[in-house]
Amino acid sequence: MRLLQTADWHLGRTLEGRSREEEQERVMDEICTIADEEEVDAILMAGDVFDTVNPPAVSEALFYDTAQRLSLGGKRPVLIIAGNHDSPERLEASKPLAGRQGITIVGKPILQPLTVPIARTGEKLVLACVPYPSESRLNECLSLMNDEIAIKKAYNDRLSDLFLEHAQSFRKETVNILMTHLFAAGGKESDSERPIQVGGAYTVHPSAFPATAQFVALGHLHRPQTLSDSPVPARYAGSPLAYSFSEAGQPKSITVLDAKPNMPISKREIELTSGRPLIRWRAENGLAEVYQWIDEKRDNEAWIDLEIRLDEAMSMHDIQALRKVRPHIVNIRPIYKGNQELGNQTARSNLPIDQLFIRFYKNQMDGAEPGSELVQLFMQLIEEDEAEREVAVGRAAHETD
């Protein structure tokens, strides 16, 4: 049987407020075309269909249209799990209609895998579906523990047990695959993945994957990659579009799997060409160099992150003029000659306070991301501190009067 692995569509996502709707439509069309040209027997979509739990209507319409096209009107199974960005309930709301089109949606972790007949080969696919396994979606609570190491071990052990429970249904006469959406230790992150682990607690070691699986189809990390330290072949399909400039220069792709029961699975990466590339420009010679590149139509179809070295401060007129001649310049960061460190400090000071906290936390915790609840708590403390300061200033002014 031939399978297509994809993940992390993030329909509805923007780039610094700029719409990616047209690019997402084109890349969805490209994935459908590849599935047809490769004569794929089933589609594996490993989570994060949408970018938010409440996606815009146009993104939902694109999802339904894409899923229906991939299913060939019910002739080709399409198997979808929820990621950390998806609302499991909202994603599953279309199940009564989707099921009639051969589309299976799994919103929360289940105890038994799916058994999917493949008509062309007469074989069966046993697919262990484990959507994003947060504590709430597992109906468990690990965070009452105060020891981060204990939380991490408890989470890893719980997922290992769940994987093994699914693996009990694997058979020698079936193709056996685990599909899940999580952060596996050893995977390379980019800035466009919002954290799902709290201090590294929501991390699963690849050793937790069942040895009887022929392949592990992963979602969450946006860089296509195969895990090197997994006991079984395990691969992140990656996102179909680059969603942050940390992904500049990274090729995007889908993975085609050729599988037979009780045999090693072969995989091929097919590069995606839709969507504007994300490019970083570093202009050492000021505005003149930038305008020279624009005249040369350099990276004419790309989104641009521009760092420019200058002698004098850049005026608002200069910024507006640049964006008028090249509307796809997203970020402009001046670096002033002879005072680069000051420029770096200014760039940092212009970051939102929550981003400064995340950067500080990662530096202190060897790259681990703070969880959203911790960031919210920090922001709450900042607001409370500012409120107390305003009261104190008001009181002092009153006493002076």
Side-chain angles (χ1 to χ4, degrees), residues 1-8 31 34-35 38 40-48 77-81 83 106 109 113-116 118 121 123-133 156 159-189 193 203-240 250-272:
M1 68 181 68
R2 178 166 291 177
L3 310 173
L4 184 151
Q5 179 198 1
T6 181
D8 295 282
I31 290 172
I34 291 172
E38 290 289 325
V40 167
D41 295 306
I43 309 294
L44 310 181
M45 199 290 168
D48 279 352
V78 177
L79 307 149
I80 301 168
I81 61 173
V106 182
L114 304 174
T115 299
V116 184
I118 302 299
T121 64
E123 298 165 332
K124 289 184 178 179
L125 167 66
V126 175
L127 185 68
C129 292
V130 182
Y132 167 53
N156 190 82
L159 266 295
S160 179
D161 290 342
L162 183 58
F163 296 155
L164 287 174
E165 194 167 351
H166 277 263
Q168 300 303 313
S169 298
F170 291 165
R171 298 288 182 266
K172 288 185 177 180
E173 64 272 16
T174 59
V175 170
N176 306 310
I177 292 179
L178 166 65
M179 179 166 67
T180 186
H181 187 100
L182 46 72
F183 180 81
K188 296 179 181 179
E189 299 177 86
E193 299 117 10
T203 303
V204 174
H205 195 275
S207 61
F209 299 147
T212 51
Q214 292 171 260
F215 186 80
V216 181
L218 295 166
H220 177 57
L221 297 186
H222 291 182
R223 180 200 299 264
Q225 57 192 288
T226 299
L227 297 183
S228 59
D229 56 350
S230 174
V232 295
R235 180 170 175 81
Y236 284 100
S239 60
Q250 291 181 15
K252 296 299 181 179
S253 63
I254 56 90
T255 304
V256 172
L257 308 170
D258 285 304
K260 293 182 179 180
N262 206 31
M263 295 285 289
I265 287 180
S266 66
K267 59 182 184 296
R268 287 183 293 120
E269 190 175 3
I270 298 180
E271 190 168 327
L272 298 168

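Given the structure is predicted, the values throughout are model-derived calculations rather than measurements.
Note: Ser253 OG to Leu272 CG = 6.5 Å, rounded to the nearest 0.5 Å. Between atom CG of residue Leu218 and atom CG of residue Leu182 there is a gap of 6.0 Å, rounded to the nearest 0.5 Å. Atom-to-atom distance recorded for Asp48:CG and Ser239:OG is 10.0 Å, nearest 0.5 angstrom. The distance from the CZ atom of Phe215 to the CG atom of Leu178 is 10.0 Å, given to the nearest 0.5 Å. Between Arg223 atom CZ and Lys252 atom NZ the span is 8.0 Å, to the nearest 0.5 Å. Between the CD1 atom of Ile31 and the OG1 atom of Thr6 there is a distance of 4.0 Å, given to the nearest 0.5 Å.
Nearest heavy-atom pair, Ala217 versus Ala46, reported as atom, atom and distance to 0.1 Å: O-CB, 4.1 Å. Listed here is the closest heavy atom pair of Ala237 and Ala7: CB-N, 4.1 Å. Minimum interatomic distance between Ala184 and Thr203 (heavy atoms only, all atoms of both residues): C-CG2, 4.5 Å.
Using a 4.5 Å cut-off on side-chain heavy atoms (C-beta onward), Pro210 and His166 make no contact. Contact of the Asn176 side chain with the Thr212 side chain is not registered, since no non-hydrogen atoms from C-beta on lie closer than 4.5 Å. Looking only at side-chain heavy atoms (C-beta outward), Thr255 and Leu44 stay at 4.5 Å or farther from each other. Here the side chains of Arg171 and Val126 are not in contact, with every heavy-atom distance at 4.5 Å or above. The shortest side-chain heavy-atom distance between Val130 and Ile81 does not fall under the 4.5 Å cut-off. Here the side chains of Leu114 and Val106 are in contact, with some heavy-atom distance below 4.5 Å. No side-chain heavy atom of Leu162 sits under 4.5 Å from any side-chain heavy atom of Pro133. Between Met45 and Met179 there is no side-chain heavy-atom pair separated by less than 4.5 Å.
Annotation: side chain to side chain donor-acceptor pair (under 3.5 Å) contacts of Gln168 (sequence neighbours excluded): none. Here Ala42 pairs with Leu3, Pro77, Ile118 under the side chain to side chain contact (heavy atoms under 4.5 Å, CB included) rule; sequence neighbours left out. For Asn262, there are no side chain to side chain donor-acceptor pair (under 3.5 Å) partners at least two apart in sequence or on another chain. Taking Arg268 as the reference, Glu38 meet the salt bridge (charged side-chain N to carboxylate O under 4.0 Å, His left out) condition, with sequence neighbours excluded. Partners of Asp41 according to the salt bridge (charged side-chain N to carboxylate O under 4.0 Å, His left out) rule, which considers only residues two or more places apart in sequence or in another chain, are Arg120. Residues forming a ring pair (Phe, Tyr, Trp, His ring centres under 6.0 Å) with Phe209 (at least two apart in sequence, or on another chain): Phe163.
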Report task. Could you please spell out the steps behind the side chain to side chain contact (heavy atoms under 4.5 Å, CB included) verdict for Glu269 and Arg235? Result -> CA-CA 11 Å; Glu269 190 175 3; Arg235 180 170 175 81; 3.1 Å; yes

Report task. Mind running side chain to side chain contact (heavy atoms under 4.5 Å, CB included) on Val216 and Leu227 for me, showing each step along the way? Result -> CA-CA 10 Å; Val216 181; Leu227 297 183; over 6 Å; no

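The backbone N or O of His205 sits less than 3.5 Å from a side-chain atom of Asn156, completing a donor-acceptor pair. Not a single donor-acceptor pair under 3.5 Å links the side chain of His220 to the backbone N or O of His181. No side-chain donor-acceptor contact under 3.5 Å links Gln214 to the backbone of Pro261. No donor-acceptor pair under 3.5 Å is formed between the side chain of Thr121 and the backbone N or O of Met1.
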